Protein chains: 2
Amino acid sequence: MAKLTARQAEVLEFIETARDAEGAPPSLREIAARFGFRSPNAARDHVRALERKGALTTRPGRARGIGAGPGRPRTVRIPRFGTVPAGFAEGREQDAEGCVVIDLDTLGFTPGPRTFALQVRGDSMVGRHILDGDIVICEHGRTPRHGDVVAALIDHESTLKTFVREGPRARAWLRAENPAYPRLLPAAELVIQGVVVGLVRRRI
Amino acid sequence: MAKLTARQAEVLEFIETARDAEGAPPSLREIAARFGFRSPNAARDHVRALERKGALTTRPGRARGIGAGPGRPRTVRIPRFGTVPAGFAEGREQDAEGCVVIDLDTLGFTPGPRTFALQVRGDSMVGRHILDGDIVICEHGRTPRHGDVVAALIDHESTLKTFVREGPRARAWLRAENPAYPRLLPAAELVIQGVVVGLVRRRI
DNA sequence: TCAGATACTGTACACAAGTACAGTATTCTT
DNA sequence: AAGAATACTGTACTTGTGTACAGTATCTGA
């Protein structure tokens, strides 16, 4: 990518910021108004230069077609629950408490319709470096392997546990990763809601 | 928020998905085309109903003014570095390796221009539940307090350490949180680049 | 030194897109 | 049973917006 001039970097920064804030990229005249240009063409020249240098792409003829950079981080929204209900209807964001929005690069994988987020309560998984208040990303329906951290419904509340199966035909157990909770629960009697595949921690 | 009909939920889902994918919300005619409507007013009726029910807001008169929901998660982009250079120029995303995009609700605070992300290398902070490969969010310029995890430049590489200062006038130290690295380093001789305030873990 | 890129002003045009008004059939609620 | 909301069709108007063409001044690299 060719180097941008100071002015071009300013314009690019405004475009990205405006799209993040407004939900749509600015029009050429909005760019012109922001920088005091008296002609929409001043903004257009900058956009064309940015496009030529690979900093963004445009969709010709479309209103607000600028701003979609080729390396633009693509974000996904993952519904977040306090406690996942037993059924886990596919209705998705219906009764979710909110959404986790994150870009695919950082997340590391592409979530599906059965991916959800869960706020962790309790410190039963400190041994796996998952703390109280963390938000874990889970995949529903994936078959858990030995050592995976899973979300299970215990006493009408989602709790994280380690999935333990010593051999291919051995019985599966759930184990808390905290000496204070030495319980070992048979996995077959519980509803495993998802396998933990990611984590977000805030306010450390 | 009033309950949405199945059709309205479909339209809302399309609007959100299209904006995530394209970077701009769809026009009324694009919605109509997606659902096979022969009139842009069919889409407009749905958008008005969704607006009336509080599912989204519109900016009248603006092209692609729909899709900005009131509870729409506002995202921020935080430049991500492999190793933070000593100077840490304010130029921001210039030499960043990428961006972490995340919504403010999940992040838990509003980042400033001196907020950056760092990929963790090594397991020197497992005692604080920060693992190799984690991405930590740091704030540059904030004064570290006792117990904070900080990013410090040691041997031309950013490393995480715990900031230790026993009393108000005591000397500050940096401590690794791993028995294998028992080194205690004087903080004054090192460049503290930022205080860790968040974390993202992937591919657990 | 000279061509090209940068950084604009100014006017005008064509199309994309929001909007208005009129109308129909079905479903839901009271 | 009545009224409102839902879920559209169809046409037309107006504005927002991308685009084209013409022109000026400054700066930068070959």
Side-chain angles (χ1 to χ4, degrees), chain A residues 1-16 18-19 21-69 91 94, chain B residues 1-19 21-70 91 94:
Chain A
M1 185 168 108
K3 202 169 188 306
L4 304 182
T5 68
R7 198 63 161 161
Q8 286 167 0
E10 269 188 279
V11 173
L12 179 61
E13 174 76 15
F14 171 69
I15 291 172
E16 303 286 1
R19 197 186 44 201
E22 307 291 338
S27 68
L28 292 175
R29 283 167 181 83
E30 285 169 355
I31 299 172
R34 159 66 180 76
F35 290 97
F37 303 154
R38 294 167 163 272
S39 166
N41 265 345
R44 186 159 206 268
D45 281 353
H46 278 118
V47 170
R48 288 184 96 95
L50 288 167
E51 190 180 12
R52 182 167 43 78
K53 291 183 176 179
L56 50 79
T57 60
T58 65
R59 296 180 295 170
R62 306 263 266 273
R64 299 181 188 271
I66 59 174
Q94 298 294 5
Chain B
M1 186 167 110
K3 203 170 186 304
L4 303 182
T5 68
R7 197 61 160 160
Q8 286 166 1
E10 269 188 279
V11 174
L12 180 62
E13 175 75 16
F14 170 70
I15 291 172
E16 303 286 0
T17 305
R19 197 186 43 200
E22 307 291 339
S27 68
L28 293 175
R29 283 169 181 82
E30 284 170 355
I31 299 173
R34 159 65 179 77
F35 290 97
F37 303 153
R38 293 167 162 271
S39 166
N41 265 345
R44 187 160 205 266
D45 281 353
H46 277 118
V47 169
R48 288 183 96 95
L50 288 168
E51 190 181 13
R52 183 166 44 77
K53 291 183 176 180
L56 50 77
T57 60
T58 65
R59 295 181 296 172
R62 308 262 263 271
R64 299 181 190 271
I66 60 173
Q94 298 293 3

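All values reported here derive from a predicted model rather than from experimental measurement. Throughout, a chain's letter reflects where its sequence line sits, starting with A, and its residues are numbered from 1.
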Taking only nitrogen or oxygen atoms into account, show me every contact under 3.5 Å that the protein makes with nucleotides 20-23 of chain D, one pair per line with its distance.
| from | atom 1 | to | atom 2 | distance (Å) |
| --- | --- | --- | --- | --- |
| D:dA20 | N6 | A:Asn41 | ND2 | 2.8 |
| D:dC21 | N4 | A:Asn41 | ND2 | 2.4 |

* Output the single nucleotide from D:dT6, D:dT17, C:dT19 whose closest atom is nearest the side chain of B:Arg52. => D:dT6
* Asked: Is the distance from OP1 or OP2 of D:dT17 to the nearest side-chain N or O of B:Arg62 less than 4.0 Å?
  -> no
* Asked: Closer to the 5' end of DNA chain D via nearest nucleotide, is it B:Arg29 or A:Gly61?
  -> B:Arg29
* Give me the ring orientation class for A:His46 and A:Phe37: parallel if the planes are under 30° apart, tilted from 30 to 60°, perpendicular past 60°. => parallel
* Which is true for B:Arg38 with a 4.0 Å heavy-atom rule: it touches a base, it touches only sugar-phosphate, or it touches nothing? -> sugar-phosphate
* Ignoring backbone atoms, test whether B:Lys3 places a side-chain nitrogen or oxygen under 4.0 Å from the OP1 or OP2 oxygen of D:dA5. => no
* Asked: Think A:Thr5 has a side-chain N or O under 4.0 angstrom from the OP1 or OP2 of C:dA5?
  -> no
* Is A:Arg7 atom CZ crowded by more than 12 heavy atoms from other residues, nucleotides or ligands, each under 6.0 Å away? -> yes
* Asked: Contact class for A:Ala42 vs. all strands (heavy atom < 4.0 Å): base, sugar-phosphate, or nothing?
  -> base
* Please tell me if the side chains of B:Arg62 and A:Glu30 come closer than 4.5 Å, counting only heavy atoms from C-beta onward. => yes
* To do: Return no unless some side-chain N or O of A:His46 is found under 4.0 Å from OP1 or OP2 of C:dT6.
  => no
* **Any B:Gln8 side-chain N or O less than 4.0 Å from OP1/OP2 of D:dA7** => yes
